[in-house]
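Notes for the one structure printed next.
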Amino acid sequence: MNELRAQLQDSYHAADTGVDLVDLTAGDLLSRAALAHPARTALVEVGSPAAPSLTGADSTDRRWTYAQLWQQSQQCAAWLLERFQPGERICVYAPNVPEWVILQYAAAYAGLVLVTANPALRP
């Protein structure tokens, strides 16, 4: 027990400098994937066919290619920038839906800080 306690006393872990870091944002990565593999599947919604869509979509088995995900993220980013300034915080209160991924990329492209609120935490 004393050995474990001694291990838990040190909260510093030295960085691994043996691996080169890539200067790449999440948005950069999506942009590169959309250019390199525009028709490949990037995002898949999997839901019960009998359950209604939580977002009002026609179905719960939708798919996005990298090009579609990039395009919709760019459109959403433009919409967000009509309402918010880069650096501002926006809160999303939503269940686990594909639009969440689009919003995450859009917020990153727009320079916004995405703050999440858990919809399961209700009064």
Nearest 0.5 Å, what's the [atom1]-[atom2] distance between [X] and [Y]?
X	Y	atom1	atom2	answer
L80	E88	CG	CD	10.5 Å
S73	Y66	OG	OH	12.0 Å
L112	R83	CG	CZ	12.0 Å

Result block: side-chain N/O donor-acceptor pairs under 3.5 angstrom for residues 20-39, not counting sequence neighbours:
residue, atom, partner, partner atom, Å
T25, OG1, G27, N, 3.4
T25, OG1, D28, N, 2.9
T25, OG1, D28, OD1, 3.4
T25, OG1, D28, OD2, 3.1
D28, OD2, T25, N, 3.1
S31, OG, G27, O, 3.0
S31, OG, W70, NE1, 3.2
S31, OG, Y109, OH, 3.0

> Is it the case that more than 12 heavy atoms not belonging to E82 sit under 6.0 Å from its CD atom?
Replying inline: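 More than 12 heavy atoms, drawn from other residues, nucleotides or ligands, come within 6.0 Å of this atom.
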> What closest approach, in Å, do A110 and A77 show between heavy atoms, and which atom pair accounts for it?
Replying inline: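 Taking A110 first and A77 second, the nearest heavy atoms are CB-O, 4.1 Å.
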> At their closest point, which heavy atom of L69 faces which heavy atom of Y105, and how far apart are they?
Replying inline: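 For L69 versus Y105, the nearest heavy atoms are CD2-CE1, 4.1 Å.
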Compile the donor-acceptor pairs under 3.5 Å between side chains in residues 50-60 and protein atoms, sequence neighbours left out, one pair per line.
residue, atom, partner, partner atom, Å
S53, OG, T55, N, 3.1
S53, OG, T55, OG1, 3.1
S53, OG, G56, N, 3.4
S53, OG, A57, N, 3.0
S59, OG, D61, OD1, 2.8
T60, OG1, S48, O, 3.2

> Do the side chains of W79 and L81 join up, straight or via other hydrophobic residues, at under 4.5 Å, putting them in one cluster?
Replying inline: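 W79 does not cluster with L81.
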> Would V92 and I90 count as a side chain to side chain contact (heavy atoms under 4.5 Å, CB included) if you check the C-alpha gap in whole Å, the side-chain angles of each, and the deciding distance to 0.1 Å?
Replying inline: CA-CA 7 Å; V92 60; I90 59 170; over 6 Å; no
> Are L103 and L114 close enough, and set up right, to give a side chain to side chain contact (heavy atoms under 4.5 Å, CB included), and what steps lead you there?
Replying inline: CA-CA 9 Å; L103 180 61; L114 187 64; 4.1 Å; yes
Side-chain polar contacts of residues 95-102 - donor-acceptor pairs under 3.5 angstrom, sequence neighbours left out - could you list them?
residue, atom, partner, partner atom, Å
E99, OE1, R62, NH2, 3.3
E99, OE2, R62, NH1, 2.7
E99, OE2, R62, NH2, 3.0

